[in-house]
Amino acid sequence: MDCNELDNISLVAKDHAENPRNFGMLSVFNGHARITGPCGDTMEFWLAIRNARVEQVSFVTDGCAPSLAAGSMATSLAQGKPIAEAMKIGQQDILNALGGLPTESEHCPLLASNTLKAACKNYLGIKPGGEEQLPSPTSGAKKPETSPKPGLNRKPQESQEHFEERLKLQDRMSSIRHKIVVMSGKGGVGKSTVAVNLATSLAMAGKKVGLLDVDIHGPSIPTMLGLEKSLLEEGEDGLLPVLQGNMKVMSIGFLLASQDDAVIWRGPRKMKVIQQFLSDVAWGELDYLIIDSPPGTGDEPLSVCQLIENPDGAVIVTTPQKVAAVDVRKSVTFCRQLNLPVIGLVENMAGFACPKCGEVTPILSSGAGRRLAADMDVKFLGAIPIDPAIASAGDNGEPFVDYFKTSPTAKIIKEIIQEVLDFNKS
């Protein structure tokens, strides 16, 4: 059969050959592959994947009418599918959808299937290879080729070592669905308390959770979780995080010989160790990575936002006083300048919760957090009162929402967690 002839193919295949769907390169994409088959036809696919689903897909081919029909049908079948399902679209699926093709043209849907799978693997960070082999009438068939993800091409004058580090970081982060930074404009507002209880609540809800402490100079997460004496171990896939139940935890505190040791580092070294925490730690597959950042808008939060690809957003913590709220404004501005979504604002120490009756009495100027949220046009997630049990839980290494789960304050924290979950669903 002459590949340019359309007489011997079905009406569906003819329609897709004459009017190919999704033809042409996507302007924004995060998965890509190009394969040249043994017949000499080259097919190229682009994918835009969001929330593990194929949001957009397109292709081009320099091949014949059956190649156009196969590429068009493959993209039509993949559109809107979860990436796991898109990867399962095979030669026979495309043939069935087209209503069949002459035997001599059945390599075209196999080429389309393999290129689609390669593009999915490119998005997932899986090295090329292992795809179903194309049937070849001659020896020496060309191997599939894939291109790096957009933004991961080697930059001019970039060393191979630095380029490989960026690839490794991207591969590691691609296994983590949601990444949330907990920030504060001022120290002493209870940011780490919020981060620990946020991560613990998510873990208690059955989520796979990691908690990363990037407060290099004042790591408090090990103490708050009772993990001060924990030692790190090396695994086959990298440094193993410390386990707290089913939650994975990493902190510079695990690397210090003594809690009295001071970390005296400048910016570049801090950024390097944060990169190592993200790329060299065997986080595995996670639903959430909660990142506890030090106060302010300095090296650590900036490094996190620059290293992580598209973090979900930031939870910002303040206290009711005006002096804290003024500094929190800077955190909101920081997020907006870096295009980091603000999930919302938490007001901590919002009154004193009586340990006997539970009544909350304002002891600081109140309402600054809610007013700031309204003024800066960010969501107010809730107000957590001063509860003596929170302080004792942190000192004893016991996550408050776990050990005091029936208390009124724990209920407030869980409502705040639900707001965060709802943000990720939107």
Distance-minimising heavy-atom pair for Ile390 and Pro385: CD1-O, 4.1 Å

What's the verdict on side-chain contact (heavy atoms from CB on, under 4.5 Å) for Arg329 and Asp375, showing C-alpha distance, side-chain angles and the deciding distance? CA-CA 10 Å; Arg329 288 178 175 271; Asp375 187 41; 2.5 Å; yes

CE on Met224 to CG on Asn197, rounded to 0.5 Å: 7.0 Å

Going through the checks in order, is the salt bridge (charged side-chain N to carboxylate O under 4.0 Å, His left out) test met by Lys88 and Asp93? CA-CA 9 Å; Lys88 294 179 181 178; Asp93 297 314; over 6 Å; no

Main-chain N/O of Val317 paired with Asn348 side-chain donor or acceptor, under 3.5 Å: no

Leu232 CG to Leu255 CG distance, which is reported to the nearest 0.5 Å: 5.0 Å

From CA spacing to verdict: side-chain hydrogen bond (donor to acceptor under 3.5 Å, both in side chains), Thr200, Asp402: CA-CA 7 Å; Thr200 302; Asp402 189 9; over 6 Å; no

Aromatic ring pairing Phe45/Phe59, orientation class (parallel under 30°, perpendicular over 60°, tilted between): tilted

Charged N-O contact under 4.0 Å between Asp280 and Lys168: yes

Ile94 and Pro109 have their tightest heavy-atom pair at CD1-O, 3.5 Å

Tell me, do Ile416 and Leu198 make a side-chain contact under 4.5 Å, heavy atoms counted? no

From CA spacing to verdict: side-chain contact (heavy atoms from CB on, under 4.5 Å), Phe23, Val60: CA-CA 6 Å; Phe23 190 82; Val60 297; 4.2 Å; yes

Got Met376 and Thr333 here, is their nearest side-chain heavy-atom distance under 4.5 Å? yes

Would you confirm whether Lys191, through its side chain, and Val182, through its main-chain N or O, come within 3.5 Å as a donor-acceptor pair? no

Rounded distance [0.5 Å steps], CG in Asp215 versus CD1 in Ile291: 13.5 Å

Donor-acceptor contact below 3.5 Å, side chain Asp312 vs main chain Ile180: no

Kindly indicate whether the side chain of Glu55, heavy atoms from C-beta on, has any atom under 4.5 Å from the side chain of Arg53. no

Any side-chain heavy atom of Met43 within less than 4.5 Å of one from Ser67? yes

What is the distance from atom CE of Met173 to atom CG of Asp171, rounded to the nearest 0.5 Å? 10.5 Å

Would you say Met250 and Leu239 make side-chain contact, with heavy atoms under 4.5 Å? yes

Looking at Ala118, is its backbone amide N or carbonyl O close enough to the side chain of Asn122 to form a donor-acceptor pair, meaning the two atoms are under 3.5 Å apart? no

Closest non-hydrogen atoms of Ala203 and Val209, given as atom of the first, atom of the second and distance, are N-CG2, 3.6 Å

When rounded to the nearest 0.5 angstrom, what is the spacing between CD1 in Ile221 and CG in Leu227? 9.5 Å

For the backbone of Arg21 and the side chain of Ser72, can you confirm whether one donor and one acceptor N or O come within less than 3.5 Å of each other? yes

Please determine whether side-chain contact (heavy atoms from CB on, under 4.5 Å) holds for the pair Tyr288 and Leu421, giving the CA-CA distance in whole Å, both sets of side-chain angles, and the decisive distance to 0.1 Å. CA-CA 10 Å; Tyr288 288 89; Leu421 289 171; 3.0 Å; yes

Distance-only, no hydrogens or angles: does the Arg34 side chain make a donor-acceptor pair with backbone N or O of Thr42 under 3.5 Å? no

Quick one: does Lys248's side chain get under 4.5 Å of Leu243's, heavy atoms only? yes

Using every non-hydrogen atom in the two residues, find where Ala410 and Phe400 come nearest and quote the distance to one decimal. N-CE2, 3.5 Å

With a 4.5 Å heavy-atom cut-off, do Asp213 and Asp292 have their side chains touching? yes

Counting distance only, does the side-chain N/O of Ser58 pair as donor-acceptor with the main-chain N or O of Gly24 below 3.5 Å? yes

Approximate separation, where rounding is to 0.5 Å, of Asp41 CG and Ile35 CD1: 12.5 Å

Audit row: Val378, Leu372, side-chain contact (heavy atoms from CB on, under 4.5 Å) steps and yes/no: CA-CA 8 Å; Val378 299; Leu372 173 62; over 6 Å; no

Student check: side-chain heavy atoms of Leu47 and Cys120 closer than 4.5 Å: yes

Closest heavy-atom contact between Ala78 and Val54? O-CB, 3.5 Å

Minimum-distance pair of heavy atoms, taken over all atoms of Val12 and Ala97: CG1-O, 3.6 Å

Do the side chain of Thr115 and the main chain of Leu111 share a donor and acceptor less than 3.5 angstrom apart? yes

With a 6.0 Å cut-off (strictly less than), is the heavy-atom count around CD of Glu285, excluding the residue itself, greater than 12? no

